[in-house]
Undergrad: 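Dumping the structure here so I can ask a few things about it.
All values reported here derive from a predicted model rather than from experimental measurement. Counting starts at 1 for both ligands and their atoms, following the listed order. Numbers here are sequence positions counted from 1. These numbers come from the heavy atoms of this one structure, side chains and all, not from hydrogens, waters or symmetry mates.
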Amino acid sequence: MNEEYWKAIVECNGAFDGRFYYGVASTRIYCLPSCRSKTPKKEHTRIFATAEEARKSGFRACKRCRPDYPIRYGPDGEMAIRVTELIESEYDKPLTLDRLAEVLHTSSSHLHRTFRRVTGMTPAEYLRNIRIQTAVEKLKEPGLNITDIALATGFRTASHFTTVFRESMGYSPSEYRQLHKYAAANAVEKRRPI
Ligand SMILES: [Zn+2]
């Protein structure tokens, strides 16, 4: 660990925002150096050069400092933020690139190009990530069946949901649910006093 970077994390130094990102291995969340959340343990902290690198290593963006928000790109960044907001509020609907472009009064090719340049992802990839993240949370609720979850997260059918989920997570939704149940049961087991 670079001492200069560690100092920036401890001091929440905004001057380092954009120069590096840090991830916390125990939570799988990544942050901007300026993030005001609790300082992580040094041994759990990992440094990334870009937000994309953090994402590719399986880290999710912190909800507090929003390291995935492209704040330093002027009007293009603002457009990208509007796209992420639209996707986050309408992911459960049949969202298309044309629909996004229409709402933002621009062409779909300009929107696609700008979003990709600013965030390193296409709007479709961002949409898929949001749908999968939401589905993961819903799978932890035992009352919901797979079809309901598929429709509530914007997938056309349960089988389309299963295909996309497997591609992204390496498990089918039912397998993921079983694994989560097993992990949760194990955690309860461990907490039980001797
Ligand atoms: Zn953060």
Undergrad: Could you check Lys42 against Glu3 for salt bridge (charged side-chain N to carboxylate O under 4.0 Å, His left out), going step by step and ending with a plain yes or no?
TA: CA-CA 11 Å; Lys42 199 173 181 179; Glu3 281 308 316; 2.9 Å; yes

Undergrad: Examine distances only and state if a side-chain atom of Ser168 and a backbone atom of Val164 form a donor-acceptor pair shorter than 3.5 Å.
TA: no

Undergrad: Do the charged groups of Arg166 and Glu175 touch, with an N to O distance under 4.0 Å?
TA: yes

Undergrad: May I ask you to check whether Tyr21 and Phe59 place their ring centers less than 6.0 Å from one another?
TA: no

Undergrad: Let's test this: below 2.8 Å, count the protein N/O/S atoms around the Zn ion (ligand 1).
TA: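 Of the protein's nitrogen, oxygen and sulfur atoms, 4 lie under 2.8 Å from the Zn ion (ligand 1).
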
Undergrad: Within the distance-only criterion (no hydrogens, no angle test), does the side chain of Arg131 pair as donor or acceptor with the backbone N or O of Tyr91 below 3.5 angstrom?
TA: yes

Undergrad: Regarding Asp17 and Ser34, do their side chains bring together a donor and an acceptor under 3.5 Å, going by distance alone?
TA: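 A pair is found: one side chain offers a donor N or O, the other an acceptor, under 3.5 Å apart.
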
